[in-house]
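In what follows, a single structure is set out as structure tokens and then discussed.
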Amino acid sequence: GTEMGVTDADGNRFKDSKRIEGTIPEMLDGALAFVRNNTRTATKIDPITGERIDIPQYPMDAVREAVLNALVHRDYSFHTEGMPIQLIIYSDRLEVINPGGLYGRLTVDQLGQAQPDTRNPVLITAMETLDKAENRYSGIPTIRYAMQKQGLPAPQFIDARGSFKVILYNGEQVVQV
């Protein structure tokens with residue numbers, strides 16, 4: 001559905017629910033696998049080459065950046081009381097929500113245009129060393145470009161008190177019956 005708490009015709013609250021734990025690279029890989037397993041992939045044949053082309057419902061590079069940013073930029077302090085990052089797939093969108101909100105002086109309208117303050121510099125440097133992150137402030141522009149390239153609506157970035165949310169829309173118009 002399109003709202004939390006609404007059940008389907010059979011009374012199910014969730015079609016799939018996983019707790020992904022481990023190292024940050026393991027959680028990133030697990031989150032990407034969860035999205036691939038729970039979203040659709042369209043297939044078409046290139047009329048010139050005859051090659052099969054798979055088109056995921058969400059550009060995986062955008063999903064990867066949203067999840068990776070959530071993992072490395074979240075608030076790991078006692079203030080978040082161990083709250084997990086949430087990855088929620090609705091019928092019309094995918095949401096990645098992490099505890100802590102934007103850090104430092106950066107505002108939502110500056111995302112991808114200004115160098116941010118870094119909440120977890122050691123963590124980000126470690127991810128760069130492991131070849132899992134570039135640490136070049138390119139995540140938000142990558143998300144925006146990937147969504148645009150696939151002809152999907154622009155992503156939304158919402159900084160709420162105590163959390164930060166990235167919303168990726170899949171272009172589906174949900175018809176309420």
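Looking only at distances, no side-chain donor or acceptor of Gln57 sits under 3.5 Å from a matching main-chain atom of Thr41. Proximity of a side-chain donor or acceptor of Asp8 to a complementary backbone N or O of Gly11 within less than 3.5 Å is detected. The closest donor-acceptor contact from the side chain of Asn98 to the backbone of Ile85 lies at 3.5 Å or more, if one exists at all. Judged purely by atom type and a 3.5 angstrom limit, Thr118 has no side-chain atom pairing as donor or acceptor with the backbone of Pro121. Asn12 places no side-chain N or O within donor-acceptor distance of the main-chain N or O of Lys15, the cut-off being under 3.5 Å. With hydrogens and angles disregarded, no donor-acceptor distance shorter than 3.5 Å links the side chain of Gln148 to the backbone of Ile143. Between the side chain of Thr49 and the backbone N or O of Glu51, at least one donor-acceptor pair lies under 3.5 Å.
In this structure, Ile140 and Phe157 have side chains that are in contact, with non-hydrogen atoms separated by less than 4.5 Å.
For the atom pair CD (Gln86) and CD (Glu95), the distance works out to 9.0 Å, reported to the nearest 0.5 Å. Taking CG of Leu94 as the reference point, atom CG of Leu87 lies at 5.0 Å (rounded to 0.5 Å). Rounding to the nearest 0.5 angstrom, the gap separating the CE atom in Met147 from the OH atom in Tyr169 is 9.5 Å.
Crowding of Tyr145 atom OH: a count of heavy atoms from other residues, nucleotides or ligands under 6.0 Å not exceeding 12.
In this structure, Ala146 and Asp61 approach most closely via the heavy-atom pair CB-OD1, 3.3 Å. The two residues Leu152 and Asn170 come nearest to each other via the heavy atoms CD2-O, 3.2 Å.
For Arg36 and Phe34, the positive end is not near the middle of the six-membered ring at less than 6.0 Å and at most 45° from its axis.
One finds no salt bridge joining Lys44 and Asp46 here, because no Lys/Arg side-chain nitrogen approaches an Asp/Glu carboxylate oxygen to under 4.0 Å.
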